[in-house]
Every structure is written in C-alpha cells, then in structure tokens.
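Down below is the structure, laid out as structure tokens.
All heavy atoms count here, side chains included; hydrogens, waters and symmetry mates do not.
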Amino acid sequence: MTGVMAMSGSPDEARAHLDQWAAGLTAKAEKYESVARRTGDLRLSATSVSDLVTVTVRADGSVTGLEFGPKARTVPMPELATLILDTMRRAQAGIAGRVGEVLADELGDDDPQTRELMLADLRGRFPDPGAEPPEPESGDEDAAQDDEPW
C-alpha cells in the first residue's frame, strides 16, 4: 500500500511516510504551477493566406493581437470580418498542440489522465477549422437543431 494507508508501525515511520507524501504533493503542485505559468505566456499567431490579417491568441483562446496588411482597406467589411474570424480559428486550432508540448515537458509521464482531459477539452473548444464537425451524440438532435436558449 502507498500513501496514508501504508502507515503501520512506529510513529517515526508514519511521520516519514507523511513527509514523503507531502513532498510528493508539493512537487506535483510546483509542476502544475509551472504549467500554468508557461501556458499563460503562450501566444499563437496565424496569418491569412492573402496576408490581409494576422491574429494572435493566448492559450485560453482570447485574442491578444490583430494586425491588418496594407490591402485590408480594399476588402469589403463582411469579407474582412469573415477573414478575421477564420484566421482567429486557425490560430486557436494550434492551442491544444502547444499546451500538450508544455504538459509533456513539465509532467513527463505523470498524470496522463489529467493531461488527456485537458487536451480533449482544448481540442473540443478549439477544433481544427478544416476538420469535419463531430456528429451529435444520440439525444442531442434537438439541441443541434435549436440554437435558441429557450
């Protein structure tokens, strides 16, 4: 047995087990703090094929930068808006990969279930814009057809 349940024997052995357990928790917390710091510093950019728009996003998907090329003024506003959103989605599509790299660097093989849950959430929130949309799960047909909240 490991952890607190393995405390049998002398009080000194119990204290040693608790100290070892606490040290392991502290080390894990430090790794996750480093992950949070590094992902907080991540910035991903994408540029439209026509070089009209460059969008930069953070690991949470929020836009931190928007730049227009010199010919952006010549594009009709609805087309420019679509181009901005498409470029933003392309930048966001790289988030899961980059966060995955940080997790691998910081955690190694530790905590694979947590890592996969985090990455699955990011892939769901920021899918590859060229990928096929996922099929609705059974029972979700009504939700897929009705975008209204009421």
Side-chain angles (χ1 to χ4, degrees), residues 1-6 17-150:
M1 295 179 95
T2 60
V4 177
M5 299 304 290
H17 281 8
L18 280 174
D19 289 346
Q20 183 180 16
W21 183 66
L25 288 177
T26 300
K28 187 178 250 189
E30 288 171 356
K31 286 181 180 183
Y32 277 99
E33 285 175 13
S34 183
V35 166
R37 211 173 19 260
R38 287 184 58 192
T39 56
D41 292 341
L42 280 180
R43 300 293 181 271
L44 295 90
S45 295
T47 300
S48 65
V49 176
S50 57
D51 290 331
L52 293 174
V53 175
T54 299
V55 179
T56 302
V57 297
R58 296 182 349 178
D60 66 0
S62 62
V63 175
T64 62
L66 176 61
E67 299 175 23
F68 296 101
K71 295 184 180 181
R73 296 175 204 250
T74 65
V75 178
M77 287 294 156
E79 187 178 326
L80 187 60
T82 299
L83 190 60
I84 292 167
L85 292 175
D86 290 345
T87 306
M88 177 193 70
R89 288 183 189 108
R90 284 191 22 248
Q92 290 171 332
I95 291 172
R98 292 284 299 279
V99 169
E101 292 170 6
V102 170
L103 290 169
D105 288 349
E106 294 294 331
L107 303 179
D109 292 332
D110 293 346
D111 221 351
Q113 289 123 344
T114 301
R115 179 173 43 239
E116 189 49 43
L117 284 173
M118 291 172 67
L119 294 178
D121 176 64
L122 290 171
R123 286 189 292 267
R125 289 174 43 211
F126 308 116
D128 180 352
E132 290 289 320
E135 293 288 323
E137 294 182 25
S138 67
D140 288 348
E141 290 84 10
D142 293 335
Q145 294 175 0
D146 188 7
D147 291 337
E148 297 297 327
W150 48 87

To the nearest 0.5 angstrom, please state how far the [atom1] atom of [X] sits from the [atom2] atom of [Y].
| X | Y | atom1 | atom2 | result |
| --- | --- | --- | --- | --- |
| Glu79 | Leu52 | CD | CG | 8.0 Å |
| Thr26 | Asp19 | OG1 | CG | 10.5 Å |
| Thr56 | Glu67 | OG1 | CD | 6.0 Å |
| Leu117 | Leu122 | CG | CG | 11.0 Å |

Shortest non-hydrogen contact between [X] and [Y], atoms and distance:
| X | Y | result |
| --- | --- | --- |
| Leu83 | Ser48 | CD1-CB, 3.6 Å |
| Val57 | Met88 | CG1-CG, 4.2 Å |
| Ser45 | Thr54 | CB-CG2, 4.5 Å |
| Thr87 | Ala46 | CG2-O, 3.2 Å |
| Phe126 | Asp60 | CZ-O, 3.4 Å |

Would you call [X] and [Y] a side-chain contact if the rule is heavy atoms closer than 4.5 Å?
| X | Y | answer |
| --- | --- | --- |
| Phe68 | Val53 | yes |
| Lys31 | Val35 | no |
| Leu66 | Ile84 | yes |
| Lys28 | Asp111 | yes |

Identify every side-chain donor-acceptor pair in residues 90-104 under 3.5 Å, counting partners at least two apart or on other chains, and give the distances.
{"residue": "Arg90", "atom": "NH1", "partner": "Thr47", "partner atom": "O", "Å": "3.3"}
{"residue": "Arg90", "atom": "NH2", "partner": "Thr47", "partner atom": "O", "Å": "2.9"}
{"residue": "Gln92", "atom": "NE2", "partner": "Gly61", "partner atom": "O", "Å": "2.7"}

Ser34: side chain to side chain donor-acceptor pair (under 3.5 Å) partners, not counting sequence neighbours: Glu106
More than 12 heavy atoms of other groups within 6.0 Å of Asp109 CG: no
Glu116 and Arg123 ion-paired at < 4.0 Å: yes
Salt-bridge present (Arg38, Asp105; N to O < 4.0 Å):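 Result for this pair is yes, salt bridge flagged.
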Any donor-acceptor pair under 3.5 Å from Ser62 side chain to Arg58 backbone: no
